[in-house]
Structures are given as C-alpha cells and as structure tokens.
Amino acid sequence: MRIRPSAHVPVRRFAAASAAGLAALLGAAPASAGAPAADGPTGSYLLEVAREDGSAPARKATLTCGPDGGTHPRAAAACDQLRRAGGRVEDVPERPGACTLEYAPVRVTATGTWQGRRYRYAETHPNRCAAIRATGGVLFAF
C-alpha cells in the first residue's frame, strides 16, 4: 500500500482479538463475549504506535478504564475520550491543530475490549503528530 504525504489512508476494522493474549499483557482475566463482570474494568486496550518502515521500536502502552490505569501516562484523559466515544477509537473526535509535513508514516493500533466486546482499530498516518491529533490528542500520545 502506498501512502501519499498529504493524506492518511484509514484502515478501520473490527476483528476478534486474542483475548487470552491481551489479558496476559494487561494482567487481567480473559473477557467473556457477554457483559463485563461487575468487578471488572469497563475497557482494556493494548495501544501501539509503530513506524511503517520499522526503523524504530514500536511504542506500546496498556490502558484500563473503570478504574482508569495501565501504563498509559494520561490514563484518565484517554479513558474519558473512550467513554464519550463508547469505547470506539474511530469515534474519538480529532483534535484540531497543525503538524509538520514530515513524511514518516506510523501505524496506530488499539486491541482490546470495551464492555465485554472485542475491538481492534488500526490506521496509518503520515507522521506521529498527525496520528495523535487524528485520535483526539491523548490516546496515542505516549
């Protein structure tokens, strides 16, 4: 897939995530296909920002909402954005602002669960700044 510097190519999809693998990364029990347990989190995601050319290691963070936590540096703000979007990263509003026209494509992914449903979000952007702004300015800012 070829990406032009002036535009990003969205790749949005839902897929069955490996619940057991994600649970191991997040240190939680695997989510069932139904509603979350009363004492379990509202949502849990593994977030990743990776250079398309593989020239740098991927940045990763965990995010747990309800209670808010994980390794994400601004877990409460990221969870607030997800709560307003019903757990759907693609529904988090873009944060307006300028970015450089640097062409260094990055792919952001969020894999996990929200209220017992499994989600996978993936999208490629022309650079890290564009990726962060397109996803609300907080979720992938780590």
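What you see below is based on every heavy atom in this structure, not just the backbone, and it leaves out hydrogens, waters and symmetry mates.
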Check: Does a side chain donor of either T62 or T71 reach within less than 3.5 Å of an acceptor in the other side chain?
Finding: yes

Per-pair distances, 0.1 Å, donor-acceptor, side chain in residues 135-142, under 3.5 Å, sequence neighbours excluded:
{"from": "T135", "atom 1": "OG1", "to": "A131", "atom 2": "O", "distance (Å)": "2.8"}
{"from": "T135", "atom 1": "OG1", "to": "I132", "atom 2": "O", "distance (Å)": "3.3"}

Residues passing the salt bridge (Lys or Arg N to Asp or Glu O under 4.0 Å) test with R95, sequence neighbours excluded, are none

Test side-chain contact (heavy atoms from CB on, under 4.5 Å) applied to L63 and L82, step by step:
CA-CA 11 Å; L63 179 65; L82 285 171; 3.7 Å; yes

Just wondering, do Q115 and T42 contact through their side chains at under 4.5 Å, heavy atoms?
yes

Sorted by chain and number, sequence neighbours left out, side chain to side chain donor-acceptor pair (under 3.5 Å) with S55 holds for D53

**Prompt:** Within a strict 4.5 Å, meaning less than it, do heavy atoms of the Y45 and Y119 side chains meet?
**Reply:** yes

- R107 side chain to T124 side chain, donor-acceptor N/O pair below 3.5 angstrom: yes

So ring-ring contact (aromatic ring centres under 6.0 Å, His included) across residues 76-102, not counting sequence neighbours, yields none

CG (N127) and CG (L101) are apart, to the nearest 0.5 Å, by 8.0 Å

Those residues at least two apart in sequence (or on a different chain) that pass side chain to side chain donor-acceptor pair (under 3.5 Å) with D68 are R83

- Is a donor on one side and an acceptor on the other found under 3.5 Å between the side chain of R133 and the backbone of P96? yes

Applied to residues 84-125, the disulfide (SG to SG under 2.5 Å) test, sequence neighbours excluded, yields C99-C129

d(C65 SG, W114 CH2) to nearest 0.5 Å is 4.5 Å

task = For E52 and V106, run side-chain contact (heavy atoms from CB on, under 4.5 Å): C-alpha distance rounded to whole Å, both residues' side-chain angles, the deciding distance at 0.1 Å, then the answer.
result = CA-CA 5 Å; E52 281 284 291; V106 296; 5.9 Å; no

Result for side chain to side chain contact (heavy atoms under 4.5 Å, CB included) between R59 and one of R128, E48, R51 points to R128

Tightest non-hydrogen contact, residues H72 and R74, listed as ND1-N, 3.0 Å

